[in-house]
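Throughout, a chain's letter reflects where its sequence line sits, starting with A, and its residues are numbered from 1.
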Amino acid sequence: MTDQALITQFQNGDSKEAAFTQLVKSHQTQVYYQIKKMVLEHADADDIAQAVWIKVWNKLDGFKQESAFSTWLFRIAYNETLNFIAQKKRLTAHHSQKELDHSLEHPSGHDGLKESTIQIKLERAIAELPEKQRFVFMLRYYDDFDYEKIASITGTTVGGAKANYHQAVKKMTTLLQTS
Amino acid sequence: MENESISKELVEALKSFETKTKQVPAGYFDQFEMDIMQKINAAGQAPKRAPIVAVFLDHKQYLVAASLIFAIATGLLFFNTAEKNNAAVAKVEMIQIETLPDELIEAYVNNNELVAEVEWNTVIETEAASLSDNN
């Protein structure tokens, strides 16, 4: 069954739960992984993903299908993730930076010293990207979303999304080389 | 393709980053939709609050602000009214004394003087009696 048919079924009130469950099953991994790339911790990603799907349940009746369901869904995920990051930033201003500094000084891991150091450097580089650039980069690089869809999700123009992607690549490359 | 502009080192790091982010607890996705439905059903069974109450409870700062404004407004209103009433009473009393006829005022003073004299005499006599008893 297509997303469109499932949404119609949900909106008509015919076995709402079944239609919704099917939508969750179809998109849950993609949404979760996108969120996890932004927040890194499973517990955080799980909290945000749950908040996203609860919001979808509450708002799906009013979804007019003017855009693809996945675009609408990722827009909710984007907003929920940004809200979460903003809240967490206020609570732990310098905590993660200190942890990363400590990890860099004492690298560990099963893949060997070099790889884990590069990994930590990358995580630091990703953490230093503005949230929008990070989100755009992940959607483009890992999920291969086109720029129009990314622009619609993040509320920017196609040119803006392209610029965000290239700036993210440039910053990560520079940070990997210099840090 | 734009990814060609990404350095080999970054590509490798991004690959292992993806592997890391794809690590989830076993069975997480099998359970996920059931967890969501449980939460949604639990929220649906919770007693619904009236919209205005919900707005205040969801934004407690508004409730505090509204209480403060109410308290200040009530205080100001009360003190203003009390002052106005006191001024009005004082004015009425002044007018009444001024409009009293002189005879009435004199009679009032005389009567009260007599009462006062009688009271003083009684006190003096009582004290004198007690002094003579002591002696």
For this session: Determine, step by step, whether A:Tyr142 and B:Phe17 satisfy the side chain to side chain contact (heavy atoms under 4.5 Å, CB included) criterion, reporting the C-alpha distance in whole Å, the side-chain angles of both residues, the deciding distance to 0.1 Å, and the verdict.
Result: CA-CA 11 Å; A:Tyr142 289 113; B:Phe17 176 74; 3.4 Å; yes
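Using a 4.5 Å cut-off between non-hydrogen atoms, the part of residues 27-37 of chain B that approaches chain A consists of B:Tyr28, B:Phe29, B:Phe32, B:Glu33, B:Ile36, B:Met37. Of residues 18-28 of chain A, those residues lying under 4.5 Å from chain B by any heavy-atom pair are A:Phe20, A:Thr21, A:Val24, A:Lys25, A:Gln28.
Other residues, nucleotides and ligands contribute over 12 non-hydrogen atoms within 6.0 Å of the CD atom of A:Gln65. Applying the 6.0 Å contact sphere to NZ of A:Lys55 captures no more than 12 heavy atoms from other residues, nucleotides or ligands. Crowding of A:Lys132 atom NZ: a count of heavy atoms from other residues, nucleotides or ligands under 6.0 Å exceeding 12. More than 12 heavy atoms of other residues, nucleotides or ligands lie within 6.0 Å of CD in B:Glu18, so this atom counts as buried by the packing criterion.
Residue A:Asn58: no heavy atom, backbone or side chain, is found under 4.5 Å from chain B. Proximity to chain B (any heavy atom under 4.5 Å) is shown, for A:Ala49, by both the backbone and the side chain. With a 4.5 Å cut-off on non-hydrogen atoms, B:Lys22 touches chain A through its backbone and its side chain both.
Salt-bridge check for B:Lys20 with A:Glu123: passed, with a basic side-chain N closer than 4.0 Å to an acidic carboxylate O. Salt bridge status for A:Lys16 with A:Asp61: present, with a side-chain N to carboxylate O gap under 4.0 Å. Between A:Glu131 and A:Lys89, at least one side-chain nitrogen of the basic residue sits less than 4.0 Å from a carboxylate oxygen of the acidic one, meeting the salt-bridge criterion.
When ring centroids are compared, A:His42 and A:Tyr32 come within the 6.0 Å threshold.
Considering only residues two or more places apart in sequence or on other chains, A:Gln9 meets the side-chain hydrogen bond (donor to acceptor under 3.5 Å, both in side chains) condition with A:Ser15. By the side-chain hydrogen bond (donor to acceptor under 3.5 Å, both in side chains) test, A:Tyr78 is found to be paired with no residue, residues two or more places apart in sequence or in another chain being considered.
The greatest number of non-hydrogen atom pairs below 4.5 Å with chain B, out of A:Leu40, A:Thr29, A:Thr173, is found for A:Thr29.
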